[in-house]
Peer 1: 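Sharing a structure here in structure tokens format.
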Number of protein chains: 2
Amino acid sequence: MSTQQQLLNQLKTAGYKLTPQRRAVIAALVKSANPVTNQSLHAALKPDHPEIGLVTVYRTMALLDKLGLLCRFNYGDHISFRAGPPEHHHHLVCRGCGNVVDFTDHCPLELQSAVERNTGFRITEHTLEFAGYCRSCQEA
Amino acid sequence: MSTQQQLLNQLKTAGYKLTPQRRAVIAALVKSANPVTNQSLHAALKPDHPEIGLVTVYRTMALLDKLGLLCRFNYGDHISFRAGPPEHHHHLVCRGCGNVVDFTDHCPLELQSAVERNTGFRITEHTLEFAGYCRSCQEA
DNA sequence: TTTTATGCAAAAGATTTGCATCACG
DNA sequence: CGTGATGCAAATCTTTTGCATAAAA
């Protein structure tokens, strides 16, 4: 099942209505390879859906966020989002084209244990993000 | 040499003036154990330095950021900063009290190599952040 | 004295809210 | 149909800029 279909199902299951606006926002979100902001998403929707208001984009994204269907990105000056798999995963970001690849394997667990021993913290979560240049951007 | 003194020296060396306002902003920044936003820093300064304008806080922090003297935090809804050691390091954040501990050892380099092999990326940087509860917050 | 920094006020952006209308289910 | 969703406009922030004044070096 596609990411898009999953998002729609989750919305429906949670008791929210599947309006044309929400469908369009989700389609645009899933279609974008790079993380989006509410503003950038609204701009992307404008050509095909000029009738969709910025407010609706804000509200739809807030909804998806509340349902835990988004993952957050922290690079750049604004917080941005992407439709994300609900499983724990890490990000690999291309500094050239901005595309994001997920990878779910290899959590730094030994490192986590070492840090717990050294600091006395009980560690409950971690985020790991690699950045660099993808194959195509290295050639360019 | 204290972090505070280092920041002042860096500013001076870069040719910027050491005004009372900048000294106060830097003092408050260094004093805070948790990451700050421009707004929170301005609020923290208000009792002792009501004369310092929000604009000056924005400008001072932008300056420190430009000189690479801050590190960025991504948790929460706003981007926040802390005076940071210029060396590459990772963060360990306490979800209880918000304090941050740096650690510089143990970069996930084998993992990085594995990801490079699997994806064809050339990886140039990474961020790793652990979060959990510090010793005192576990007891509480 | 010269150049830069500050603070106010205003402008520009970003986000949230109130409310009447519309439309999914 | 009824309830929740939308879109507009207005209200709130947040952040940036212009400009006259103040003060570091």
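Just so it is clear, the values below take in all heavy atoms, side chains as well, and ignore hydrogens, waters and symmetry mates.
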Peer 1: For Lys17(B) and dT6(C), what is the distance between atoms NZ and P respectively, to the nearest whole Å?
Peer 2: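 From Lys17(B) NZ to dT6(C) P: 9 Å.
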
Peer 1: For Arg59(B), answer base if it contacts any base atom (sugar-phosphate contacts may also be present), sugar-phosphate if it contacts only those atoms, and nothing otherwise; contact means non-hydrogen atoms under 4.0 Å.
Peer 2: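 Base contact.
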
Peer 1: Please tell me which of Arg22(A) and Leu18(B) maps to the more 5' nucleotide of DNA chain D, matching each residue to the nucleotide holding its nearest heavy atom.
Peer 2: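 In this pair, the answer is Arg22(A).
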
Peer 1: Grab the CD-P distance between Glu51(A) and dA23(C) for me, whole Å please.
Peer 2: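 For the pair Glu51(A) CD and dA23(C) P, the rounded distance is 11 Å.
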
Peer 1: Expressed as a whole number of angstroms, how long is the span from Met61(A):CE to dA5(D):C1'?
Peer 2: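 Answer to the nearest Å: 18 Å.
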
Peer 1: Crowded around His49(B) NE2? As in, over 12 foreign heavy atoms under 6.0 Å?
Peer 2: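 Enclosed: over 12 neighbouring heavy atoms sit under 6.0 Å from NE2 of His49(B).
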
Peer 1: For DNA chain C, whose closest nucleotide is more 5', that of Thr19(A) or that of Gly15(B)?
Peer 2: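 Final value for this comparison: Gly15(B).
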
Peer 1: Expressed in angstrom and rounded to an integer, what is the separation of Asn38(B) atom CG from dT15(D) atom C1'?
Peer 2: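 The answer, rounded to whole Å, is 9 Å.
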
Peer 1: Nearest whole Å is fine: how far is dC22(C) P from Ile52(A) CD1?
Peer 2: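 One finds 18 Å between P of dC22(C) and CD1 of Ile52(A), rounded.
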
Peer 1: Using the salt bridge (charged side-chain N to carboxylate O under 4.0 Å, His left out) rule, collect all pairs that involve residues 61-75 of chain A, keeping only residues at least two apart or in two chains.
Peer 2: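 Output for this query lists Asp65(A)-Arg72(A), Arg72(A)-Asp77(B).
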
Peer 1: OH of Tyr16(B) versus C1' of dA5(C): gap in Å, rounded?
Peer 2: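 Answer to the nearest Å: 12 Å.
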
Peer 1: Send over the distance from Leu63(B) CG to dT4(C) P, rounded to a whole Å.
Peer 2: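 That distance rounds to 13 Å.
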
Peer 1: Could you state the atom-to-atom distance from CG of Leu54(A) to P of dT17(C) in whole Å?
Peer 2: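 That distance rounds to 14 Å.
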
Peer 1: Less than 4.0 angstrom between a side-chain N/O of Gln21(A) and OP1 or OP2 of dC24(C), yes or no?
Peer 2: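 It does not, given that no N or O in the side chain of Gln21(A) lies less than 4.0 Å from OP1 or OP2 of dC24(C).
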
Peer 1: Both Thr60(A) and Val55(A) contact DNA chain D. Which one's nearest nucleotide lies toward the 5' end?
Peer 2: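 It is Thr60(A), whose closest nucleotide lies nearer the 5' terminus.
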
Peer 1: Under a 3.5 Å threshold, yes or no: a donor from one side chain and an acceptor from the other, between His126(B) and His90(B)?
Peer 2: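 There is such a pair between these side chains.
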
Peer 1: Report the distance from atom CG of Asn99(B) to atom OG of Ser32(B), rounding to the nearest 0.5 Å.
Peer 2: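 Reported to 0.5 Å precision, the distance equals 8.5 Å.
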
